[in-house]
Amino acid sequence: QVQLVESGGGLVQAGASLRLSCAASGRTFSRNAMGWFRQASGKERDFVAQISGSGDSTAYADSVKGRFTISRDNVKNTVYLQMDSLKPEDTAVYYCAATTTAWAPKSTLGYYYWGQGTQVTVSS
């Protein structure tokens with residue numbers, strides 16, 4: 001049984017940093033892309049960032065480019081999202097996701113496994 005478990009969310013002030021973690025179990029994803037998405041209240045789930053299995057390739061939404069960094073540790077089967085210079089508009093539930101392919105489109109449709117999400121709230 002595959003599980004993705006996110007952690008690291010919380011309430012912070014604008015300008016602060018947070019690091020989200022996503023620990024995978026049940027199978028290894030070292031050859032598969034993994035990503036982060038977020039869903040603000042009343043809105044659709046949007047792409048944030050993704051990383052290839054090797055970690056050599058990354059992609060980001062324009063809204064987070066230069067502020068967020070995705071990384072992974074395949075030994076720990078864990079993916080991270082370092083979030084710096086947080087803004088109130090970053091407030092959302094953040095979801096970890098994993099594909100069954102080496103790369104994926106920047107869309108929820110490209111991802112097969114999902115975590116339960118972790119809340120990030122940024123106050124102004």
Side-chain angles (χ1 to χ4, degrees):
Q1 179 182 358
V2 174
Q3 281 192 312
L4 302 178
V5 180
E6 302 98 334
S7 61
L11 170 63
V12 297
Q13 290 189 329
S17 298
L18 279 175
R19 188 174 86 150
L20 305 183
S21 299
C22 171
S25 61
R27 63 161 283 177
T28 179
F29 291 99
S30 60
R31 295 187 178 187
N32 306 125
M34 296 186 72
W36 289 94
F37 290 74
R38 66 186 182 186
Q39 187 167 17
S41 180
K43 297 188 176 181
E44 294 185 349
R45 191 171 299 187
D46 292 330
F47 169 81
V48 174
Q50 69 180 18
I51 187 167
S52 63
S54 66
D56 290 343
S57 297
T58 58
Y60 297 91
D62 288 343
S63 59
V64 307
K65 204 171 291 184
R67 299 187 298 121
F68 290 11
T69 304
I70 189 170
S71 62
R72 67 190 298 163
D73 183 336
N74 285 339
V75 173
K76 295 181 179 180
N77 215 19
T78 299
V79 64
Y80 305 96
L81 185 68
Q82 177 67 40
M83 305 187 295
D84 298 321
S85 303
L86 282 162
K87 304 175 181 180
E89 50 263 45
D90 294 319
T91 295
V93 177
Y94 282 71
Y95 296 91
C96 173
T99 69
T100 57
T101 55
W103 197 242
K106 301 175 186 177
S107 163
T108 57
L109 297 177
Y111 285 81
Y112 187 75
Y113 300 102
W114 291 88
Q116 293 301 305
T118 184
Q119 177 70 47
V120 171
T121 303
V122 184
S123 64
S124 57

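Since the structure is predicted, the reported quantities are computational estimates derived from the model, not experimental observations. FYI, side chains are in, hydrogens and waters are out, and symmetry mates aren't considered; it's all heavy atoms of this structure.
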Study note, to complete from the structure: When rounded to the nearest 0.5 Å, the distance separating CZ of F29 from OH of Y112 is 10.5 Å
Check your understanding: If you measure from CE on M34 to CD1 on I51, what distance do you get to the nearest 0.5 Å?
Key -> 9.5 Å
Check your understanding: Any sub-3.5 Å donor-acceptor pair from S52's side-chain atoms to S57's backbone N or O?
Key -> yes
Practice item. Using a cut-off of 6.0 Å, state whether more than 12 heavy atoms not belonging to Q116 lie near its atom CD. Key: no
Practice item. Any chance you could lay out the ring-ring contact (aromatic ring centres under 6.0 Å, His included) test for F37 and W114, step after step, and finish with the verdict? Key: CA-CA 10 Å; F37 290 74; W114 291 88; 5.0 Å; yes
Practice item. Mind checking the CD-CD spacing from E44 to Q39? Nearest 0.5 Å is all I need. Key: 8.5 Å
Practice item. Under the side-chain contact (heavy atoms from CB on, under 4.5 Å) rule, collect the residues that match up with T91, sequence neighbours excluded. Key: Q119, T121, V122
**Study point:** Rounded distance (nearest 0.5 Å) linking atom CD of E89 with atom CZ of R38
**Key:** 8.0 Å
**Study point:** For Y95 against E6, the heavy-atom pair lying closest together
**Key:** CA-OE2, 3.4 Å
Check your understanding: Taking all atoms of both residues into account, what is the closest heavy-atom pair of L4 and Y113, and its distance?
Key -> CD1-O, 3.5 Å
Practice item. Enter the distance from Q82:CD to R67:CZ here, rounded to the nearest 0.5 Å. Key: 12.0 Å
**Study point:** Side chain to side chain, L86 and L18, heavy atoms closer than 4.5 Å
**Key:** yes
Review point. With a 4.0 Å cut-off, would you call D90 and K87 a salt bridge?
Key: no
Practice item. Mark yes or no for whether R72, through its side chain, and S54, through its backbone, hold a donor-acceptor pair below 3.5 Å. Key: no
Review point. So, F47 versus Y60, ring centres under 6.0 angstrom or not?
Key: no
Check your understanding: So, the side chain of N77 versus the backbone of A24: is there a donor-acceptor pair under 3.5 Å, distance only?
Key -> yes
Practice item. Using modelled atom types only, decide if a donor and an acceptor are shared between the side chain of T78 and the backbone of K76 within a distance under 3.5 Å. Key: yes
Review point. Shortest non-hydrogen contact from S124 to A14?
Key: CA-CB, 4.4 Å
Practice item. Return yes if some donor-acceptor pair links the side-chain N/O of N32 with the main-chain N/O of A98 below 3.5 Å, else return no. Key: no
Exercise for review: Determine the minimum heavy-atom distance between C96 and V79, stating which atoms define it.
Suggested key: SG-CG1, 3.8 Å
Check your understanding: From L81 CG over to W36 CH2, what is the distance, rounded to the nearest 0.5 angstrom?
Key -> 6.0 Å
Review point. Quick one: are L20 and M83 in side-chain contact, heavy atoms under 4.5 Å?
Key: yes
Exercise for review: Take T100 and Y111 through the test side-chain contact (heavy atoms from CB on, under 4.5 Å) and record every step on the way to the result.
Suggested key: CA-CA 8 Å; T100 57; Y111 285 81; over 6 Å; no
**Study point:** Closest approach of G110 to A104 (non-hydrogen atoms, all atoms of both residues)
**Key:** O-CB, 3.8 Å
Point to revise | Donor-acceptor pair, side chain of T99 and main chain of A33, under 3.5 angstrom | key: yes
Exercise for review: With sequence neighbours excluded, tell me which residues meet side-chain contact (heavy atoms from CB on, under 4.5 Å) with R31.
Suggested key: none
Review point. Sequence neighbours excluded, which residues qualify as side-chain hydrogen bond (donor to acceptor under 3.5 Å, both in side chains) partners of S17?
Key: D84
